[in-house]
Amino acid sequence: MSEQNSGIQQPQVSIEKELRKSYLEYSLSVIIGRAIPDARDGLKPVHRRIMYAQYELANSYNRPHKKSARIVGDVIGKYHPHGDIAVYDALVRLAQDFSMRDPLVDGQGNFGSIDGDAAAAMRYTEVRMSRLASEFLADIDKETVDFRPNYDNTLQEPSVLPTKVPNLLLNGSSGIAVGMATNIPPHNLGELCDALQMLLDDPQCTISDLMEVVKGPDFPTRGFVYAGKGLSDAYHTGRGTVKVRGRLEVEERKKGLQAIVIREIPFGLNKSSLVEKIAGLVNDHKIDGISDLRDESDRKGIRVVIDLKRGTIPDIVINSLYKYTPLETSFGINMLAVVDNRPVLLNLKTALSCFVDHRREVVIRRTRYDLQKAEARAHILEGLRIAIDHIDEVVALIRASASPDEARAGLMQRFELTEVQARAILDMRLQRLTGLQRGVPHGRNIQLGALGGLLGSQAGDGQNGALSRLHNGFVSSLNTHLQGVGQVFGAGLILALQGLGEAAEQQAGDNAGVAAGAAQHGGSSGLAGFGHGAGVGQSLQFAAGGADGHAHVCAGVTIGHRENVQLVHTDTLVGNVVGAGKNGVAQGLASNHVFITPHVFC
């Protein structure tokens, strides 16, 4: 009523516009300040704050470990106003060698396992920066990066780290923001250094040229990455999908038995969940021929042993494992990062160029800082040299002055010195007046003059040396093996077909043709056969009997060398075995897909 009497009207607010504006601000906050890494140092804000908090605590790789709770407390109290669990989880991930290609934190204690076990509480574990992490903060005290106020405007924090490491591609990143997500795979540091060197030598090089050096992702859990169009698309456009497989080996056991051993698994896969998945498939009779399954993994590496029943062909079980379990997965690459406070989809060259531009700016700013310091020191030494050359007159002037201010003013007037030089003369210790010390300012002045000329003429130079030191000091061998799509089942395919051919020859004889494709253990999985006399380099056809009793062609496969194996997809269902004539085509059982042709690669 009072508002009506006073004539004051409340402003009309559009709910739609307000929601649009507020949600946009929230989205940008999540994208820029939480979920998407910066293209320059490859870090999200929480990781950057963890690194900087350790730097302020001098928690470097050559110092004793500190309690994780101490680090987490400093991070959330000074820079990151979020929950302690979120910060500790981020800290733990930086220390896990199965999550990071090159860990940035050296942990002491229980930091979880590849089986999905959680890390110990932060009051028990201890951390310090790794040796590689020290390269992220080198020269940060030389005004190489901009600082900004923290959340309560009481402290300053770096907006980006002056890293010497191309971390965005080295350790990769993954995150889900509002309306967008990022998923960047890790790479080998040696390949990245070579690519950066190529980009420095030839800024006009193409993405294809860089791909000659950067072969593909290098996951910390090792395994195989099958290159193809998906990887090429990812490096050219920023989006693509690659197939990742674990490493399986066949071991010979006593009494003619065999076992399949899983030695490496795809990146991000929980090993205990994988073992449970395999056990469930065996119990459901989706995978036959397995007599025992046990996990023998230890600190030396992964070792999951799958014992096979007598007479089981290992290649069939291996194919079933790849088909039904996460031992074969797709890794979707989405190289989204923050560039100039905006989310940008990067290709391989732009991702490397962002790092090169960042390093160039860091080197220039560091050089300017060193030059300013050298010039300031040279200026002071020039004043000291003048004072020493006129030492008796300087001493008399100081003794005759009533106060330090009067002495400083007298020196400035008599010898045409600046205030900084006069103050340095008054602060000079008496031992500097000895004969041994009199020549020091002049010698240092000459050295600083030469240094100043060097810094002034070579500002911005020095990236080649940093890359060389990085390559020599931190590069490790490749973990993940890269293979072309045509290499998926090269040798295994030929061996399996040769074994089937020998078995078929024993049963049918040379004149009766060859038939292969008997199902194992009730026919839950079957094989396709090949004609007698077929060998490496010949073209074969696989067939399965249809419901009408006739043979239907399932797939045509060319057996050749590893790089020439052609993978062909088929969806023909299981049929009955029918014989084939001499030198003809064997027709046999086939499951949804010919066993040598995994559906995910077609």
Side-chain angles (χ1 to χ4, degrees), residues 89 92-93 95-100 110-121 174 176 183 185 219-226 241-251 253 257-310 312-332 479-480 488 492 519-526 591-593 595 598-601:
D89 288 344
V92 166
R93 181 176 173 81
Q96 293 176 336
D97 57 0
F98 55 87
S99 297
M100 304 287 288
N110 175 20
F111 281 85
S113 71
I114 200 170
D115 288 322
D117 301 319
S174 63
I176 301 175
N183 198 29
F219 295 108
T221 53
R222 303 179 183 270
F224 294 95
V225 171
Y226 293 98
T241 302
V242 295
K243 298 295 181 181
V244 184
R245 275 191 167 184
R247 178 190 292 272
L248 277 66
E249 300 174 353
V250 178
E251 291 185 356
R253 299 297 214 184
L257 297 177
Q258 293 178 308
I260 298 173
V261 180
I262 302 174
R263 301 308 302 266
E264 300 169 4
I265 63 176
F267 179 62
L269 179 60
N270 187 312
K271 179 167 62 66
S272 61
S273 299
L274 173 64
V275 175
E276 294 176 2
K277 177 71 172 179
I278 296 174
L281 291 171
V282 173
N283 292 333
D284 294 339
H285 301 288
K286 288 187 176 180
I287 299 180
D288 287 323
I290 296 177
S291 62
D292 191 21
L293 171 65
R294 59 187 180 276
D295 187 358
E296 298 180 354
S297 303
D298 54 20
R299 65 180 60 187
K300 296 180 180 180
I302 296 174
R303 180 179 171 84
V304 179
V305 181
I306 303 172
D307 289 330
L308 302 180
K309 297 179 181 178
R310 188 179 301 276
T312 300
I313 299 177
D315 292 288
I316 301 173
V317 180
I318 290 175
N319 179 70
S320 298
L321 290 172
Y322 283 139
K323 179 179 178 181
Y324 294 114
T325 71
L327 274 172
E328 176 182 274
T329 59
S330 297
F331 188 93
N479 285 339
T480 304
V488 178
Q520 283 187 7
H521 306 290
S524 60
S525 61
S591 59
N592 298 29
H593 302 83
F595 83 101
H599 65 288
V600 293
F601 278 102

For [X] and [Y], indicate whether the former's side chain and the latter's backbone hold a donor-acceptor pair under 3.5 Å.
{"X": "Asn283", "Y": "Ala279", "value": "yes"}
{"X": "Tyr322", "Y": "Gly246", "value": "yes"}
{"X": "Thr221", "Y": "Phe267", "value": "yes"}

Contact between [X] and [Y] at the side-chain level, heavy atoms closer than 4.5 Å - yes or no?
{"X": "Val304", "Y": "Lys271", "answer": "yes"}
{"X": "Met100", "Y": "Pro220", "answer": "no"}
{"X": "Val250", "Y": "Ile318", "answer": "yes"}

Output all residues satisfying salt bridge (charged side-chain N to carboxylate O under 4.0 Å, His left out) with [X], sequence neighbours left out; order by chain, then residue number.
{"X": "Arg247", "value": "Glu264"}
{"X": "Glu251", "value": "Arg253, Arg303"}
{"X": "Asp97", "value": "none"}
{"X": "Asp117", "value": "none"}

> Can you name the nearest heavy-atom pair linking Leu274 to Pro326, along with the distance?
Replying inline: CD1-CD, 4.0 Å
>> If you compare all heavy atoms of Gly332 against all heavy atoms of Thr241, which two are closest, and at what distance to 0.1 Å?
In response: CA-OG1, 4.2 Å
>> Please enumerate all residues that pass side chain to side chain donor-acceptor pair (under 3.5 Å) together with Arg294, with sequence neighbours excluded.
In response: Asp292, Glu296, Asp307
> Who pairs with Phe331 by ring-ring contact (aromatic ring centres under 6.0 Å, His included), at least two apart in sequence or on another chain?
Replying inline: Phe219
> If you measure only the distance, is there a donor-acceptor pair under 3.5 Å linking the side chains of Lys286 and Ser320?
Replying inline: no
